[in-house]
Amino acid sequence: MNDDLTQTNDLLEDIRQLIDTAKQRAAVAINAEITLLYWQVGKRIHTEILQGKRAEYGKQIIVSLSQQLTQTYGKGWGERQLRHCLQFAETFPNIEIVNTLCSKLSLSQNLNAL
């Protein structure tokens, strides 16, 4: 009977470790995707709309984009977030650097680096 209890406890611990490991891998993958998304959004704003020079027009575009994105996706896409995305892309203009950051740092660490 004691052996059965020990085996059950060992099985439970193994399954817990499997679950915890899978959750951690999922969190890392989600973090990398979100970080890449933010960089891509910032890069698009910088390259496609601002073209690195039209500051006043860019401010208007960010306001308009944030309103439309917030309407569609809810909180989290306000002007401040779009400016963070833009700053992230300007700070790290090379996608290879961003990919390295995604695998090494958490999202909050990437954003705090700005």
Side-chain angles (χ1 to χ4, degrees):
M1 185 76 157
N2 217 4
D3 285 342
D4 288 343
L5 185 57
T6 300
Q7 285 180 337
T8 301
N9 286 339
D10 289 346
L11 177 61
L12 175 63
E13 187 55 36
D14 287 347
I15 292 173
R16 282 180 174 164
Q17 286 179 343
L18 289 170
I19 292 168
D20 290 343
T21 300
K23 287 171 83 174
Q24 179 62 32
R25 284 194 317 261
V28 168
I30 290 168
N31 176 63
E33 284 299 318
I34 290 171
T35 301
L36 186 57
L37 169 64
Y38 289 165
W39 182 85
Q40 290 171 326
V41 167
K43 187 72 169 176
R44 283 290 292 210
I45 291 169
H46 181 74
T47 303
E48 300 292 326
I49 297 169
L50 298 180
Q51 298 173 352
K53 58 187 173 218
R54 299 187 307 192
E56 199 55 46
Y57 174 71
K59 288 178 186 177
Q60 294 170 1
I61 291 296
I62 288 176
V63 169
S64 176
L65 273 175
S66 70
Q67 290 170 347
Q68 293 172 15
L69 290 171
T70 299
Q71 221 173 23
T72 304
Y73 298 104
K75 282 183 9 177
W77 290 104
E79 291 176 55
R80 184 175 182 192
Q81 179 60 36
L82 293 181
R83 290 185 201 290
H84 282 302
C85 292
L86 179 59
Q87 185 180 10
F88 186 42
E90 288 173 340
T91 303
F92 302 103
N94 187 325
I95 188 67
E96 286 80 24
I97 293 171
V98 174
N99 284 330
T100 301
L101 286 173
C102 287
S103 66
K104 304 281 187 220
L105 301 173
S106 72
L107 177 61
S108 62
Q109 288 171 316
N110 284 330
L111 295 177
N112 287 335
L114 301 177

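Note that this is a predicted model, so its numbers are computed, not measured.
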- Message: Show the nearest heavy-atom pair for residues Gly42 and Ala89, with the distance to one decimal.
- Response: C-CB, 3.5 Å
- How far apart are the closest heavy atoms of Trp77 and Leu82, and which atoms are they? CE3-CD2, 3.8 Å
- Query: Can you find a pair of side-chain heavy atoms, one from Phe88 and one from Lys43, that are under 4.5 Å apart?
  - Reply: no
- Roughly how far, to the nearest 0.5 Å, is the CG atom of Asp10 from the CD atom of Glu13? 8.5 Å
- Message: side-chain contact (heavy atoms from CB on, under 4.5 Å), that's the test. Do Asp20 and Gln24 meet it? Break it down for me.
- Response: CA-CA 6 Å; Asp20 290 343; Gln24 179 62 32; over 6 Å; no
- Item | Value rounded to 0.5 Å, distance of CD1 in Ile95 from OG1 in Thr100 | 10.0 Å
- Residues in side chain to side chain contact (heavy atoms under 4.5 Å, CB included) with Arg80, at least two apart? His84
- How long is the gap from CZ on Arg44 to CH2 on Trp39, to the nearest 0.5 Å? 11.5 Å
- In Å and rounded to the nearest 0.5 Å, what is the CD1 to CD1 distance from Ile30 to Ile34? 6.5 Å
- Query: Does the side chain of Leu86 reach to within under 4.5 Å of the side chain of Val41, using non-hydrogen atoms?
  - Reply: no
- Message: Using 0.5 Å steps for rounding, measure from the CD atom of Gln87 to the CZ atom of Phe92.
- Response: 9.5 Å
- Message: Within the 4.5 Å heavy-atom criterion, are Leu12 and Arg16 side-chain neighbours or not?
- Response: yes
Using distance only, find each side-chain donor-acceptor pair of residues 65-76 under 3.5 Å and give its atom names and separation, not counting sequence neighbours.
{"from": "Ser66", "atom 1": "OG", "to": "Ile62", "atom 2": "O", "distance (Å)": "3.2"}
{"from": "Ser66", "atom 1": "OG", "to": "Val63", "atom 2": "O", "distance (Å)": "2.8"}
{"from": "Gln68", "atom 1": "NE2", "to": "Ser64", "atom 2": "OG", "distance (Å)": "3.3"}
{"from": "Thr70", "atom 1": "OG1", "to": "Ser66", "atom 2": "O", "distance (Å)": "2.7"}
{"from": "Thr72", "atom 1": "OG1", "to": "Gln68", "atom 2": "O", "distance (Å)": "3.1"}

